[in-house]
Protein chains: 2
Amino acid sequence: MCNHHTEHTGSGSCGSPAGRMLGFIQAWLLLLLVKESAHGYQLLDRLNQSEDTKGIDPGFLYRTLRQFEEEGLVKSSWDVEGRGPARRVYEITPDGVEYLHAWAGHIRSTRERLGRFLQTYESHFKLQTTEKGG
Amino acid sequence: MCNHHTEHTGSGSCGSPAGRMLGFIQAWLLLLLVKESAHGYQLLDRLNQSEDTKGIDPGFLYRTLRQFEEEGLVKSSWDVEGRGPARRVYEITPDGVEYLHAWAGHIRSTRERLGRFLQTYESHFKLQTTEKGG
DNA sequence: TCATCTATATGACCTAGTCATATAATAGAC
DNA sequence: GTCTATTATATGACTAGGTCATATAGATGA
């Protein structure tokens with residue numbers, strides 16, 4: 001949690017009171033790799049094309065990919081062809097696909113949990129507004 | 001992310017690949033306090049009554065409440081009456097209510113982001129299954 | 001050979017959350 | 001009275017996820 005509440009009572013400028021979800025971009029990475037093998041820089045580009053995933057730290061991305069490889073979720077090989085320095089091309093493994101499925105399941109249940117929170121929240125404040133008139 | 005992938009390719013036993021959301025229980029705390037002032041131990045009890053919020057660390061809860069107070073989201077007073085040691089009773093402030101609203105907004109948008117991920121995920125694997133037959 | 005672009009990687013750090021444990025008041029056993 | 005259990009709050013130490021800054025290195029062109 002950020003500590004600038006006093007400076008932004010309301011919508012917040014320092015980021016968000018709560019917005020990120022643990023491992024969300026990791027899930028996106030695996031999903032992108034399921035569609036097509038790619039190297040880090042490409043993945044970075046693609047993530048930056050969506051509002052949902054943009055702005056991710058390159059260091060974090062590369063570290064995550066190496067971690068995935070250690071865990072057997074992806075495997076990599078060097079692509080020396082083309083211009084510029086060599087690229088480490090990542091390909092998802094069967095384990096990685098399975099893991100993506102599990103991950104999607106958890107994301108689904110998290111989404112449901114958030115839904116239940118919002119229902120409670122909204123039902124509370126709807127009753128309030130009819131009594132207080134806004 | 002936990003590092004036990006190899007031991008649970010599939011549904012996962014070490015917890016989850018990704019399930020928690022930053023500040024989720026904080027949002028619940030403020031929501032509970034909006035409904036009724038309470039002390040830490042009560043809040044702990046109430047959180048433990050729902051699958052969505054159970055199992056939270058008491059130390060974390062108390063620390064969070066003190067943090068909220070520092071930030072002006074809640075204020076506290078001692079309740080000396082009744083049995084047992086004194087209780088610090090927390091009451092939400094107008095700032096806290098405003099902050100809860102902002103928080104709910106972010107939770108809503110997070111939920112939508114998760115929905116977009118799941119749509120992409122599902123649409124990909126639906127096409128796959130018709131081709132591969134399961 | 002120097003700067004620049006592309007691509008990958010590492011070091012230092014910060015914060016949220018966890019685990020274990022301390023503190024303290026009160027109640028009841030005896 | 002004092003010992004233990006219960007209720008309630010709090011702190012210390014640590015871990016992990018993520019961020020920020022920066023390093024490395026090959027290819028390209030001035």
Side-chain angles (χ1 to χ4, degrees), chain A residues 1-5 14-29 37-48 53-71 74 76-90 103 106, chain B residues 1-5 14-29 37-48 53-71 74 76-90 103 106:
Chain A
M1 194 174 66
C2 73
N3 53 359
H4 308 94
H5 305 300
C14 74
S16 58
R20 287 163 297 167
M21 200 197 101
L22 200 65
F24 185 58
I25 64 109
Q26 281 92 326
W28 268 112
L29 276 181
S37 296
H39 57 269
Y41 209 79
Q42 276 179 325
L43 293 167
L44 204 60
D45 257 20
R46 287 179 198 161
L47 290 177
N48 278 326
T53 49
K54 74 151 79 159
I56 133 172
D57 176 56
F60 178 60
L61 179 128
Y62 287 113
R63 219 178 249 131
T64 300
L65 288 172
R66 304 304 298 273
Q67 218 174 323
F68 279 175
E69 187 161 28
E70 265 181 59
E71 293 160 359
V74 303
S76 73
S77 54
W78 286 101
D79 173 14
V80 190
E81 296 175 28
R83 313 160 36 98
R87 280 138 296 220
R88 194 188 280 274
V89 176
Y90 287 95
W103 219 322
H106 285 286
Chain B
M1 191 174 67
C2 73
N3 52 359
H4 308 94
H5 304 300
C14 74
S16 57
R20 287 162 299 166
M21 199 196 101
L22 199 66
F24 185 58
I25 64 110
Q26 281 92 327
W28 268 111
L29 276 180
S37 296
H39 58 269
Y41 210 77
Q42 277 178 325
L43 293 167
L44 204 59
D45 258 19
R46 288 179 197 162
L47 290 177
N48 278 326
T53 48
K54 74 151 80 158
I56 131 172
D57 176 57
F60 179 59
L61 180 128
Y62 288 112
R63 219 178 249 132
T64 300
L65 288 171
R66 305 303 299 274
Q67 217 174 326
F68 278 176
E69 188 161 28
E70 264 181 58
E71 293 160 359
V74 302
S76 74
S77 55
W78 286 100
D79 174 14
V80 190
E81 295 175 29
R83 315 160 35 99
R87 281 138 296 220
R88 194 189 279 275
V89 176
Y90 286 96
W103 218 322
H106 284 287

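Excluded from the calculations below are hydrogen atoms, water molecules and symmetry mates; all remaining heavy atoms, backbone and side chain alike, are included.
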Distance in angstrom units between A:L61 CG and D:dG18 P, rounded: 12 Å
Set of residues satisfying side-chain hydrogen bond (donor to acceptor under 3.5 Å, both in side chains) with respect to B:S76, sequence neighbours excluded: B:E69, B:R88
Atom-to-atom span, CZ of B:R63 to P of C:dT15 - whole angstrom: 14 Å
Nucleotide N/O to protein N/O under 3.5 Å, stretch nucleotides 4-9 of chain C:
residue : atom : partner : partner atom : Å
C:dT8   : OP1  : A:R88   : N            : 2.7
C:dT8   : OP1  : A:R88   : O            : 3.4
C:dT8   : OP2  : A:G40   : N            : 3.3
C:dT8   : OP2  : A:Y41   : N            : 2.8
C:dT8   : OP2  : A:Y62   : OH           : 2.9
C:dA9   : OP1  : A:R66   : NH1          : 2.6
C:dA9   : OP1  : A:R88   : NE           : 3.0
C:dA9   : OP1  : A:R88   : NH2          : 2.9

Integer-rounded Å distance: D:dT7 P and B:D79 CG: 16 Å
Which residues share a side chain to side chain contact (heavy atoms under 4.5 Å, CB included) with B:D79, sequence neighbours left out: B:E81, B:R87, B:V89
Heavy-atom side-chain proximity of B:R46 to B:W28 below 4.5 angstrom: no
Stepwise side-chain contact (heavy atoms from CB on, under 4.5 Å) check, A:R66 with A:Y90: CA-CA 10 Å; A:R66 304 304 298 273; A:Y90 287 95; 3.1 Å; yes
Closest contact, heavy atoms only, A:W103 versus A:G23: CZ2-O, 3.3 Å
Between P of C:dT10 and CD of A:Q67, the distance in whole Å: 13 Å
Interatomic distance, A:F24 CZ vs D:dA16 P [rounded to whole Å]: 24 Å
Nucleotide D:dA8, atom P - distance to CD of B:E81 in whole Å: 14 Å
Nucleotide D:dA16, atom C1' - distance to CZ of A:F60 in whole Å: 11 Å
Beyond-backbone contact of A:L61 with A:L29, side-chain heavy atoms, under 4.5 angstrom: yes
Separation of atom CG in A:L22 from atom P in D:dT15, rounded to whole Å: 18 Å
